[in-house]
Number of protein chains: 2
Amino acid sequence: MTNNTPVTLKFLAEKLKMSVSTVSKALNNYPTINEYTKKRVQEMARELHFTPNKSAINLKEKKSRIIGIILPNLLDHFFTRSIYGVEQFATQNGYNVIISQSHDDLEKEIQSANMLLRSRVDGLIVAISKHTQDFAHLDQFENMGIPVVYYTRNPSFNLSCHKVLGNTFQGCYKATQFLINRGHKKIAYLGGPKMINFTHDRFNGYINALKDNGVPFSADLVAYTDFDKENTISAIQNLFDNPQNTPTALVAFKEPILFDAIKYLRSINHPNLDQIECIGFGNTSFISYLDSPPIASVEENPESVGENAIKLLLQLINREIDMENYQKVMVDCKLIVHEA
Amino acid sequence: MTNNTPVTLKFLAEKLKMSVSTVSKALNNYPTINEYTKKRVQEMARELHFTPNKSAINLKEKKSRIIGIILPNLLDHFFTRSIYGVEQFATQNGYNVIISQSHDDLEKEIQSANMLLRSRVDGLIVAISKHTQDFAHLDQFENMGIPVVYYTRNPSFNLSCHKVLGNTFQGCYKATQFLINRGHKKIAYLGGPKMINFTHDRFNGYINALKDNGVPFSADLVAYTDFDKENTISAIQNLFDNPQNTPTALVAFKEPILFDAIKYLRSINHPNLDQIECIGFGNTSFISYLDSPPIASVEENPESVGENAIKLLLQLINREIDMENYQKVMVDCKLIVHEA
DNA sequence: TTGTAGGCGTTATCAA
DNA sequence: TTGATAACGCCTACAA
């Protein structure tokens, strides 16, 4: 069954006893080609399952119609969801997407970048690893005239670049505001790794919401952790160790961390845990299965972040926006209040 | 800063005042090229950031070093985890991976297949959509001599194909056996959509474990649902509605469904829910946050499924296994018992 | 309306 | 040790 001679234009041309260019034009519906000829060619092409060779076309057209995406991790639902936005819009515009995971490792990110460069992607969307401070491997693209859009992770060391970021300041502001409106005065803030810069944006959202509402800030109510459970627990111990001054609400930088926190507080039978109201970033579907669920979630709209990134990238590819005219797009968060 | 003339072999050759073929050979470390010449060429290449054009190489070599993956959904952790296995092994062997989601839609699957065909992938790994019964769009690959490995989803209508499947029979057998060993006699089985064929494999695992242990089977203890919460609840109602004959254990075909079931039983304050022991397929990390967690999980080892798929595919690509010599690989499940 | 020829960037064969 | 040439599959300006 396996067909050995590849079906190329040349092959079709020989079968049909015409020239390669006529076949090519017929398949591309050139107006100068006789209707009957077209029909013959197109039928034969279908019959023999002719599929144009993309490598040849890319070589000719000097473009690949491929968008590269580099991101840390597909296990993080934020990124998986963001791909939806990218993919949909890319496909609509005739682009394919190659996804490459860096696993938050700089070396892997560089490798991914190099392979995508060799593949001559027409554009790159990248959420940098948490160790990326040098951008040489990404600057290569711009030097070759290939536009790059940084998304989600803010490359604050790289001033001249296109960015699409979640408005994490606004998200944290909203969460804090919400808790204040519900009467809380002692709202704890559990932040993420200080190396990731949205940690600070979120903290600023928290601080500003307090200030704008005349709620006094207390350093005792702020702690930091990373993605490690032990550290989360000791951070939570710090926040909740003083029985006279225990927080009545908590804003956490990511939901799984918040779940660890809640689990710990339950495990030590923290008094009036039921009254403590929590909010985390994420809006995981799992929340509905929890016994002490957060009262609300900050929905970061990853699909929208992805969609904005690809939209901007396509404008850059199509030269509708100048490469040097650096854009910054912020995508707002939404507070989702969970039903009791 | 943007360099306008693309850095090609020709460009380097002109700069260095030698021929294109010498430059090519120097960069590929041909033994016939003078060491000094090599050095000069390689330095210049580095300086000008020469990157070989993959489209040109593909065209020449008639291969792309790209593996295509078509799968239903990246939001399902099973698939995301399976990609780890594929990616790692593919990268090690110099292959890149293009992932395309079908969203369990046949039309999208066909589109993905066609685009991957145009991209001249060297091989395809596919988890078919639940509506795929005609395989023309996938057979095209084999007809062009491009090997295809079906994984996870068993294309039972397609007898002559390479398969890598989770041994879901064995997983369900083990789960049931485990519950029997713990003294349960009334073990309920909550199955998935009957259209997906592993539903039946799992049921057979359940049945066989009962039989092999002399536990009588009762049709009252079996119900089916899909991914819809309402249907899950009514299935659970059917299983647990008879107070005299209530099951003491439950095997469910997927964890989120199991969580819905548990949640429902708790919401109606089912008597002695605490004694009911549950097992689902998945082994979600989220389990540790649940108040009534399953006693164990069936870990389907998706990374291993992915790894086996890519290993088989590479053997087919390298003609170490004949394309017509259809292989079937089963990947065993593992029972993970959760600590109290 | 169709065909010829040249080129996209790379590699490989053969000649110098 | 190096260079000229052809080829991979496709497209297109130009010639017929």
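Convention: sequence-line order gives letters A, B, ...; per-chain numbering from 1.
L9(B) has its CG atom 12 Å from the P atom of dC8(C), to the nearest Å. Atom CD in E61(A) sits about 13 Å away from atom P in dG9(C), given to the nearest Å. Spacing between atom CD of E35(A) and atom P of dT2(C) amounts to 10 Å, rounded to whole angstrom units. One interatomic measurement links the two molecules: CG of L12(A) to C1' of dG9(D), which rounds to 12 Å at whole-angstrom precision. Atom CG of N58(B) is separated from atom P of dC10(D) by 14 Å (rounded to the nearest Å). The separation between K62(B) atom NZ and dA12(C) atom P is 14 Å, rounded to whole Å. For the pair L27(A) CG and dT12(D) P, the interatomic distance rounds to 13 Å; values are reported in whole Å. Separating the CD atom of E14(A) from the P atom of dG3(C) is a distance of 13 Å, rounded to the nearest angstrom.
In this structure, Y30(B) does not reach the dT2(D) phosphate: none of its side-chain N or O atoms is under 4.0 Å from OP1 or OP2. Of the side-chain N and O atoms in S24(B), none sit less than 4.0 angstrom from OP1 or OP2 of dT10(C). Listed pair T37(A) / dT2(C) meets the phosphate criterion, a side-chain N or O lying under 4.0 Å from OP1 or OP2. Under 4.0 angstrom from either OP1 or OP2 of dG7(C) there lies no side-chain N or O belonging to K10(B). Contact between the side-chain N/O atoms of S19(B) and the OP1/OP2 oxygens of dG3(D) is found at a separation under 4.0 Å.
None of S102(B), S129(B), S100(B) except one satisfies the side chain to side chain donor-acceptor pair (under 3.5 Å) rule with S112(B); the exception is S100(B).
Using bins of under 30°, 30° to 60° and over 60° for the plane-to-plane angle, the ring pair F135(A)/Y150(A) lands in the perpendicular bin. Between Y151(A) and F79(A), the ring planes are perpendicular. Angles over 60° get that label, and only those under 30° would be called parallel.
No hydrogens or angles were tested; on distance alone, nothing pairs the side chain of K60(A) with the base of dC8(C) as donor and acceptor under 3.5 Å. You won't find any donor-acceptor pair under 3.5 Å spanning the side chain of T32(A) and the base of dT1(C), going by distance alone.
Distances from the side chain of N34(A) to the nucleotides dT1(D), dT1(C), dA4(D) place dT1(C) closest. With dG9(D), dT4(C), dT11(C) as the candidates, the nucleotide lying closest to the side chain of I57(B) is dT11(C).
Of the residues near DNA chain D, L59(B) and I33(B), the one whose nearest nucleotide (by heavy atom distance) lies more toward the 5' end is I33(B). Nearest-nucleotide positions on DNA chain C for N53(B) and K25(B) put N53(B) closer to the 5' end.
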Review point. Could you go step by step and tell me if E43(A) and R46(A) meet the salt bridge (Lys or Arg N to Asp or Glu O under 4.0 Å) rule?
Key: CA-CA 5 Å; E43(A) 260 168 29; R46(A) 200 160 345 100; 5.7 Å; no
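Using a 4.0 Å heavy-atom distance criterion, S55(B) is classed as making no nucleic acid contact. Looking at heavy-atom distances under 4.0 Å, S21(B) makes contact with a base. Using a 4.0 Å heavy-atom criterion, one finds that N28(B) contacts the sugar-phosphate atoms exclusively. Within 4.0 Å (heavy atoms only), F50(A) reaches sugar-phosphate atoms of the nucleic acid but no base atom.
Contact annotation: the side chain of Q42(A) approaches that of L27(A) to within less than 4.5 Å [non-hydrogen atoms, C-beta and beyond].
With respect to E307(B) and K311(B), a salt bridge is recorded, a charged nitrogen being found less than 4.0 Å from a carboxylate O.
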